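The next block holds one structure in the form of structure tokens; read it before the comments.
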Number of protein chains: 2
Amino acid sequence: MSRTKARTTLLQELEEAMRRSSAQGVLYGQTVANVAGIANSDLECMDILYLEGRVTAGRLAEVTGLTTGAITGVVDRLEKAGLVRRERDEKDRRKVFISVVPEKAMKIGQLYVPMQQAMEKVFGAYSDEELRLLLRFATEGYKGVLAATEALKSLLDTPPEKRPDLKLKKLRRET
Amino acid sequence: MSRTKARTTLLQELEEAMRRSSAQGVLYGQTVANVAGIANSDLECMDILYLEGRVTAGRLAEVTGLTTGAITGVVDRLEKAGLVRRERDEKDRRKVFISVVPEKAMKIGQLYVPMQQAMEKVFGAYSDEELRLLLRFATEGYKGVLAATEALKSLLDTPPEKRPDLKLKKLRRET
DNA sequence: ACATATATCTTAGTCACTAAGAGATTTAGC
DNA sequence: GCTAAATCTCTTAGTGACTAAGATATATGT
């Protein structure tokens, strides 16, 4: 092994570091839900509503992967908490649009402040040039993970006994 | 706004990209659990067992944040699936060590192959120098998120009416 | 009009989780 | 050594979010 870290070591460390930070990110989200006093899926839906604005119940089911029945429950709870409103579409009265109630939802937004501050601090240490590299990486990483997820999902449709036996290069860590 | 992307825009895009890739990472994990036919927490425990090796039931509860009762259920299911074994500690017979059964667990390890391949492909496009930057970022990012989580958790112990009113800089996205 | 499609909600049942406390074993104090 | 307290896992009862299937209401195509 050379004086500068060998590439394989570097890759392993990188994988490990990304796994950890990603896991911690999940934990942050759970903590937000916890402090806000709502379920995890409820928070996820609030997130989607922030990103997409006014959205139908069916769309929420689509994006979250939950059944429409489950979404009914999510929206019931959020509505009871005053965080969202149901609005029937006047053009197509089957549809129900869900929209956030900004004043209430803001309190949840506040829970992301510690995270934003932490990220600001981290990002602050990098030049524009470096940030562009990080952006490129994040974007490509996303595409990679997306593709991997699709590849894995296709296994779900294949009956177990017919699955191509993937060659496992190494266990994720020897113990 | 200058010809090169303004820094604020860059930061926003970066935040967005990281959020998306992180969310997709979670989805990958859920898909793995799905294909493996085990619950999410069960998979998380398998992960911990890979990382830490032979571990007590109590330690699993500690790391996952589940109650010991819940862990009993997790281990019951994993044991029934043949993925782990319970082993009473001979020195302290109250303790129960959990250890993976490598032959069976390998099948789950295989489900990470698509992800590993995707990551290899992404990482392959970067120089050692660049990878070191990414590693540094991932490590610092982890610390940041960890600190943010702790900060948020401390709110949990503060009764809601006494919570310092965090100043919300901006909603995460205007719609 | 009528059948079919679409969007949400309802119902019944399942599963992982928590809280509380019951064993079983170890440790500490006297 | 013996008893009390502490530690570790498991058990029990109850809860809450989820799915599957189908009910309800509205829209669309022939």
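Order of the sequence lines sets the chain letters (A, B, ...), proteins ahead of strands, with each chain counted from 1. Just so it is clear, the values below take in all heavy atoms, side chains as well, and ignore hydrogens, waters and symmetry mates. Since this is a predicted model, take the numbers as computed values, not measurements.
With rounding to whole Å, A:Lys80 atom NZ is found 10 Å from D:dA17 atom P. At whole-Å resolution of the value, CD in A:Glu62 and P in C:dT6 are 13 Å apart. Atom CG of A:Asp89 and atom P of D:dA25 are 18 Å apart (whole Å). The distance from atom NZ of B:Lys95 to atom P of D:dC10 is 14 Å, rounded to the nearest whole Å. Here C:dC15 presents its P atom at 13 Å from CG of B:Asp42, a figure rounded to the nearest Å. Spacing between atom NZ of B:Lys91 and atom P of C:dT27 amounts to 12 Å, rounded to whole angstrom units. Protein atom CD of A:Glu79 is 14 Å distant from nucleotide atom P of C:dT8, rounded to whole Å. Taking atom CG of B:Asp76 as the reference point, atom P of C:dA16 lies 11 Å away to the nearest angstrom.
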**Request:** Walk me through it: do B:Asp89 and B:Lys91 pass the test salt bridge (Lys or Arg N to Asp or Glu O under 4.0 Å)?
**Result:** CA-CA 5 Å; B:Asp89 184 0; B:Lys91 311 254 168 169; over 6 Å; no
**Message:** For a salt bridge (Lys or Arg N to Asp or Glu O under 4.0 Å) check, start with the C-alpha distance between A:Glu140 and B:Lys121, then their side-chain angles and the critical distance, and finish with the verdict.
**Reply:** CA-CA 10 Å; A:Glu140 281 166 10; B:Lys121 201 171 150 196; over 6 Å; no
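Between B:Gly65 and A:Phe97, the one whose closest nucleotide on DNA chain C sits nearer the 5' end is A:Phe97. Along DNA chain D, the nucleotide nearest B:Gly69 and the nucleotide nearest A:Ala39 are compared for position; the residue whose nucleotide lies closer to the 5' end is B:Gly69. Of the two residues contacting DNA chain D, namely A:Thr67 and B:Thr72, the nearest-nucleotide position lying further toward the 5' end is that of B:Thr72.
Between the side chain of B:Ser41 and the base of C:dC17, no donor-acceptor pair of N or O atoms lies under 3.5 Å. Scanning atom types as modelled, no donor and acceptor separated by under 3.5 angstrom connect the side chain of B:Thr56 and the base of D:dC8. On a pure distance criterion of 3.5 Å, a polar donor-acceptor pair joins the side chain of A:Arg94 and the base of C:dT6.
Backbone-only engagement by A:Ala57 is indicated by non-hydrogen atom pairs under 4.0 Å involving sugar-phosphate atoms exclusively. Across all strands, A:Gly58 comes closer than 4.0 Å only to sugar-phosphate atoms, never to a base (heavy-atom distances).
Of the candidates B:Asp47, B:Val100, B:Leu83, B:Asp42, B:Ile108 forms a side-chain contact (heavy atoms from CB on, under 4.5 Å) with just one, namely B:Leu83.
Within the 4.0 Å cut-off from OP1 or OP2 of C:dC9, not a single side-chain nitrogen or oxygen of A:Arg88 is found. Put simply, A:Arg93 has no side-chain N or O that comes within less than 4.0 Å of OP1 or OP2 on D:dA25. Neither OP1 nor OP2 of D:dT9 sits under 4.0 Å from any side-chain N or O of B:Arg86.
Comparing atom distances between the B:Val96 side chain and each of D:dC18, D:dT9, C:dC9 picks out D:dT9 as nearest.
A:Tyr112 and A:Tyr28 have tilted rings, their planes meeting at an angle from 30° to 60° on a 0 to 90° scale.
The residues B:Arg19 and B:Glu16 are annotated as not salt-bridged, no charged nitrogen and carboxylate oxygen being separated by less than 4.0 angstrom.
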